[in-house]
Every structure is written in C-alpha cells, then in structure tokens.
**Q** 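Structure in structure tokens, see below.
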Amino acid sequence: MASFVPTSADTLEDQRLYTSARLTDVACLDCLARVGVKKNSDHHTSIQWSREAREACPELSRRDGRGRDHHQGCPRLSASIESAVREGKVDIGAEDGY
Amino acid sequence: MSDTRILDKGTPPERFARGWHCLGLADSFGDGKPHRIEAFGGQLVVWQDTQGGLNVLDGYCRHMGGDLTQGTVKGDEIACPFHDWRWGGDGKCKAIPYARRVPLRARTQKYPTAIRNGQLLIWHDVEGSAADHDLLPPELPGVGTDEYTDWTWEVVPITDSHCRELIDNVVDMAHFYYVHFSFPTSFRNVFEGHQATQFMESKGRPDMTGGYGDAELFLKSEATYYGPSYMINWLDVDYKGFETEVILINCHIPTGPDSFTLQYGITVKKPEGIDDKTAAYISKKYAEMFGGGFLQDVHIWKNKVPVQNPLLCEEDGPVYQLRRWYEQFYVDRADVQPEMVDRFEFEVDTTKANEYWQEEVAQNLARKAADEKAADEAPTSTESDTPSVMTGT
Ligand code: FES
Ligand SMILES: [Fe+2]
C-alpha cells in the first residue's frame with residue numbers, strides 16, 4: 001500500500017526521471033561493486049548503490065554506520081568514477097534539471 | 001495550455017510512520033504524575049512506576065473511555081479517574097477495586113520504550129510488530145556526563161503541515177540561504193537503510209546579521225535521521241576562531257494527518273577554561289537561535305501546499321530519492337522495496353549558487369552601507385535578531 005499517493009500519472013514519470021534516468025554503470029576498480037552514476041556537472045555526482053554492490057565494498061563494510069563519518073563515500077569508488085569520467089564513459093551535463 | 005506545469009498535491013498517508021519516536025526528556029516524566037502526549041491521532045499517557053521505569057499506554061481507558069492522563073499514579077499503575085480501573089505498564093488491567101475479577105480481555109495499547117541520551121523513545125508500528133532495538137539512534141559518548149551541558153529542550157506544536165515537510169529539508173540546500181540566511185558552501189546527502197544524512201558546510205550571511213550572523217562564522221554539520229523522526233545533528237561551530245562542539249537533536253511526533261509536535265534539544269561540549277554557567281549560557285543561546293530557525297521553516301510550511309511532483313533544477317538536492325527513502329516507514333514491512341533502503345549518495349554542485357550569492361551579499365552590504373550613511377543624521381538602531389545558524393532542517 002503506497003502512502004503519499006500522487007494524483008497524476010505524470011508524477012510517476014517525474015519520479016522515474018529524477019531517480020533512475022540517465023544512470024551510467026560504473027565498476028569499482030578495486031572491488032566487485034557496480035553502481036549507477038549520474039553527473040549533472042563537474043561537481044555534482046549522484047551514486048545509486050544496490051545491495052550487491054554495497055556488500056562488495058570492503059571500505060563501507062568496515063564502518064558501523066552509527067557515527068559521524070556516515071556521509072563519507074568510498075574513496076576507491078570515487079577514484080573509479082573520476083577515472084571513468086576522464087575516459088569519457090560518464091556524460092557530464094543535465095537534461096532539464098534531472 | 002498543456003505545457004503548463006500542474007502541482008500534484010497528492011493525498012497524504014492514512015497511517016503514521018513505523019519507528020522510534022522521542023517523547024521528550026526522560027527526567028520530565030519522573031514526578032509521579034501522569035503525563036499527556038498527543039500522538040498518532042490520539043493521546044498517550046506516560047508515567048513512572050515505583051522501579052523508576054517509564055510506561056506508555058494509549059491515553060484512553062478501555063472500560064468506558066476515561067482520560068487516563070487525568071488519572072492518578074497508584075503504586076506501579078495508572079488509575080483511571082472515571083471508575084479507578086488500574087492499568088499496568090504491560091498494557092494489562094491489574095485491578096478493578098470494586099469488582100470480583102478483571103475481565104481477561106482487559107488489555108490496552110502499550111508502547112515499548114527505550115531511553116537514549118536521556119530521552120524517552122517509544123516504538124510505533126501500525127502492524128503491531130515487536131520493537132526493533134537495532135533501529136534505535138546511537139548513544140552519544142560523553143553526553144549526560146560533566147563533559148557536556150544539560151539538554152536545553154523545547155517543544156513546538158505545528159499545525160497545518162504534514163511532517164514530511166520537515167523531512168524534505170534534509171535535501172534542501174538553497175532554502176538555507178533564503179529562509180535561514182546561512183550560506184552553504186558544501187552539501188551532500190547519503191541515504192541507506194533507515195538512515196538519511198545531510199552533510200553541510202556553511203558560513204553566516206554578513207548581510208543578514210544579528211547575534212551570531214557573521215562572515216566569520218563557519219559551520220560543519222553532519223545530521224542523520226535514525227528512522228522517520230529522530231535526527232542527531234553534530235555541529236562544529238567556528239566563530240572568530242573560537243570553536244564549539246554542539247549537538248542538536250531534532251525530533252517530532254506526528255499528531256494528526258497535517259500536524260506534528262516538533263521537539264529539539266541542544267547540548268554543548270563544555271569548552272576548556274569556561275565555567276559551567278557560561279557553558280549553559282552558550283547552550284541556551286544556540287537553542288534560541290535554532291528555535292528561531294525552526295520558526296522560519298514553520299512560516300514557509302504553513303503557507304505552502306504539499307507537492308508530490310516538485311520541479312527541480314540542477315542545483316537542488318535529491319528530493320525524490322529522499323522521499324523514496326521516507327516511504328519505507330509508511331508501508332508494511334513486507335512491502336519495503338530495495339530502492340527505498342539501498343545506499344544512495346548525492347553531492348550538490350554549489351558552484352553556481354555560491355557565485356551568485358557572493359554577488360548578492362556584496363550588493364546588499366553596499367546598499368546597507370549607503371543607507372547607513374544617508375541615515376547618519378537621524379540614527380535609528382535596528383538590531384536584527386534573525387538567527388543565521390541553521391542546519392539539518
Ligand atoms: S472508564 Fe476508566 S475506569 Fe471506567
Ligand atoms: Fe529549514
């Protein structure tokens with residue numbers, strides 16, 4: 001049962017656009033994690049993990065998730081994304097805000 | 001005509017979120033009297049038993065609907081003011097003094113409790129599941145000891161807004177500038193499992209000063225929701241080189257479909273060489289500042305409409321992903337989807353916003369200086385008390 005129910009079908013399309021459109025698959029160069037990446041600009045990055053990817057990341061698995069370091073990403077994955085960007089595998093730019 | 005963007009207001013949820021909810025400072029319930037807490041569309045009764053344990057039951061007696069919050073604590077039980085039925089913390093009726101026996105079915109709604117960081121939390125789930133202690137917020141090391149000031153605690157009832165408006169602020173980078181007059185320079189979100197985090201670095205807006213607002217104020221803030229309603233906000237404040245470590249608790253209890261009670265608490269790590277009285281004063285000042293900050297939000301919420309389909313620009317935070325995360329607390333456990341709990345990270349690009357805001361602040365300062373010069377002959381002091389420190393929400 002959904003909770004906040006949209007009243008327009010267009011809203012479902014918006015949800016799809018903002019959450020899952022234009023994600024590029026990027027593999028970590030150090031572990032088996034594969035994530036979805038979107039870069040709307042040089043400084044913007046959006047990273048969608050799956051459960052499988054999350055379990056594969058040794059760096060994040062080391063943290064207990066209860067402290068102040070919760071916001072930090074995995075530096076190895078960041079490096080992998082940067083290298084994918086340098087190789088032109090990840091488009092940089094947005095499409096009408098998403 | 002068809003190009004016009006339509007606001008989809010949607011329909012609010014019919015249920016209240018599953019998870020731990022904070023009712024307030026545990027100490028405040030220990031006076032031997034029943035306490036009334038408005039929650040989940042009704043009211044709860046809270047009292048302390050003879051062992052010092054805190055108990056929470058639905059506030060209405062299952063006999064004839066008497067108001068237990070107006071009853072009396074007798075021994076370990078809460079006695080109803082209507083016919084003196086005695087209810088125990090386990091939800092069972094323990095005695096009916098005028099009756100031969102207690103009906104077997106005399107059980108009421110009880111809420112499992114936990115104490116965290118000196119606060120009373122209860123577990124709420126419309127499915128009636130057992131309390132999940134793995135989902136409790138963490139204990140804060142040092143808090144409650146002499147290292148930190150006592151909690152300054154405030155309670156603010158909010159009407160005409162669903163509590164999701166409060167949650168939305170986790171991702172709302174730009175509103176910190178426009179609503180709270182602070183200047184975010186770095187902004188990041190991470191959602192995973194039952195946690196949603198906002199990381200922000202900001203500085204005060206010198207054009208909107210008062211109190212702490214200042215170009216020399218720098219903030220590093222890490223704010224995490226543990227479940228649907230309890231946020232811990234760690235704050236490193238640097239004011240003119242003077243560093244303070246502040247912890248802000250921002251939590252709420254939904255009271256109806258478009259109302260909730262906001263509660264927030266502040267504790268400050270006592271800086272070295274500062275006596276307790278001064279530390280308490282600093283803590284109180286921060287509480288006032290955040291209190292003012294919440295009121296700025298409330299004013300926006302009261303006058304806005306709910307939106308299911310926000311239209312975003314590239315500089316906005318991940319509103320849709322945050323709401324996808326929040327949805328997990330409003331569906332049956334069996335219906336929680338992987339994407340609601342899978343890890344998601346989002347780094348906001350603040351470059352363009354910062355360029356524009358720098359310029360706007362400079363213009364405002366120049367205009368202010370010119371105005372002051374013009375008004376020099378008839379000086380009128382207009383000391384603004386606008387809070388310029390706000391994080392988390
Ligand atoms: S209604 Fe509570 S004792 Fe009768
Ligand atoms: Fe806010």
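Quick note on labels: first sequence line is chain A, next is B, and so on, each numbered from 1.
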**Q** Under a 4.5 Å heavy-atom cutoff, which of Asn309(B), Thr197(B), Asn189(B), Leu312(B) has the most pairs with chain A?
**A**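 The residue among Asn309(B), Thr197(B), Asn189(B), Leu312(B) with the greatest pair count is Leu312(B).
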**Q** With a 3.5 Å distance limit and no angle check, can you tell me whether Asp8(B) reaches the backbone of Thr7(A) through a side-chain donor-acceptor pair?
**A**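 The answer is yes, because a donor-acceptor pair under 3.5 Å joins these two groups.
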**Q** Between Asp349(B) and Lys39(A), does at least one N-O distance fall below 4.0 Å, as a salt bridge requires?
**A**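 Answer for the salt bridge query: no.
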**Q** I need the minimum non-hydrogen distance between His44(A) and Glu347(B), along with the two atoms involved.
**A**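 Taking His44(A) first and Glu347(B) second, the nearest heavy atoms are CD2-O, 3.2 Å.
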**Q** Let's go through Arg5(B) and Asp14(A) carefully: what are the C-alpha distance in whole Å and the side-chain angles of both, what is the deciding distance for salt bridge (Lys or Arg N to Asp or Glu O under 4.0 Å) to 0.1 Å, and is it a yes or a no?
**A** CA-CA 12 Å; Arg5(B) 180 89 184 169; Asp14(A) 277 330; 2.8 Å; yes
**Q** Should the heavy atoms of other residues, nucleotides or ligands under 6.0 Å from NZ of Lys9(B) be counted, would the total exceed 12?
**A**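 Atom NZ in Lys9(B) is not packed in, count stays at 12 or less.
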**Q** I'd like to know whether CZ of Arg22(A) has more than 12 heavy-atom contacts from other residues, nucleotides or ligands below 6.0 angstrom.
**A**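 Yes.
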**Q** Where on Phe191(B) is there a heavy atom nearer than 4.5 Å to chain A: the side chain, the backbone, both, or neither?
**A**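 For Phe191(B), there is no contact with chain A at all, as no heavy atom is under 4.5 Å.
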**Q** Contact part of Pro310(B) toward chain A, heavy-atom cut-off under 4.5 Å: side chain, backbone, both or neither?
**A**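 Only the backbone of Pro310(B) comes within 4.5 Å of chain A.
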**Q** Among side-chain atoms of Trp49(A) and Glu345(B), is any donor-acceptor pair under 3.5 angstrom?
**A**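 A pair is found: one side chain offers a donor N or O, the other an acceptor, under 3.5 Å apart.
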**Q** Just wondering, more than 12 heavy atoms not from Leu32(A) lying within 6.0 Å of its CG?
**A**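 No - once you tally the heavy atoms of other residues, nucleotides and ligands closer than 6.0 Å, there are 12 at most.
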**Q** Measuring from Phe344(B):CZ to Thr19(A):OG1, what's the distance to the nearest 0.5 Å?
**A**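 With rounding to 0.5 Å, CZ (Phe344(B)) is 8.5 Å from OG1 (Thr19(A)).
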**Q** Using a cut-off of under 4.5 Å on heavy-atom pairs, state which of Glu192(B), Glu339(B), Gln198(B), Lys352(B) scores highest against chain A.
**A**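 Among Glu192(B), Glu339(B), Gln198(B), Lys352(B), the one with the most close pairs to chain A is Glu192(B).
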**Q** With a 4.5 angstrom heavy-atom cut-off, could you sort out which part of Arg323(B) is near chain A: side chain, backbone, both or neither?
**A**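 Neither part.
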**Q** With a 4.5 Å limit on heavy-atom distance, are the side chains of Arg188(B) and Gln72(A) in contact?
**A**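 A side-chain contact is absent here, since even the closest heavy-atom pair is not under 4.5 Å.
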**Q** What part of Arg51(A) gets closer than 4.5 Å to chain B, counting heavy atoms only: side chain, backbone, both or neither?
**A**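 Looking at Arg51(A), backbone and side chain both touch chain B.
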**Q** Can you tell if the side chain of Phe346(B) reaches within under 4.5 Å of the side chain of Thr45(A), non-hydrogen atoms only?
**A**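 A side-chain contact under 4.5 Å is absent here.
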**Q** Can you establish whether the number of heavy atoms outside Asp91(A) located under 6.0 Å from its atom CG is more than 12?
**A**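 Not more than 12 within 6.0 Å, no.
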**Q** Answer with side chain, backbone, both or neither: which region of Gln321(B) has an atom nearer than 4.5 Å to a non-hydrogen atom of chain A?
**A**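 Looking at Gln321(B), backbone and side chain both touch chain A.
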**Q** Give, for atom CD of Glu315(B) and atom OG of Ser41(A), the distance between the pair rounded to the nearest 0.5 Å.
**A**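 Answer for the CD-OG pair, Glu315(B) versus Ser41(A), is 7.0 Å.
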**Q** Tell me, out of Glu314(B), Arg343(B), Gln308(B), who's got the most heavy-atom pairs with chain A below 4.5 Å.
**A**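 If we count pairs closer than 4.5 Å to chain A, Arg343(B) comes out on top.
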**Q** Against Tyr18(A), only a single residue in Asp316(B), Val319(B), Leu311(B) fulfils side-chain contact (heavy atoms from CB on, under 4.5 Å); can you say which?
**A**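 Among the candidates, only Leu311(B) passes.
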**Q** Under 4.5 Å heavy-atom distance to chain B, tell me which part of Leu12(A) shows up: side chain, backbone, both or neither.
**A**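 Contact with chain B: none, neither part.
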**Q** Quiz question: by atom type and distance under 3.5 Å, do the side chains of Asp342(B) and Ser50(A) form a donor-acceptor pair?
**A**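 No, Ser50(A) and Asp342(B) have no side-chain donor paired with an acceptor closer than 3.5 Å.
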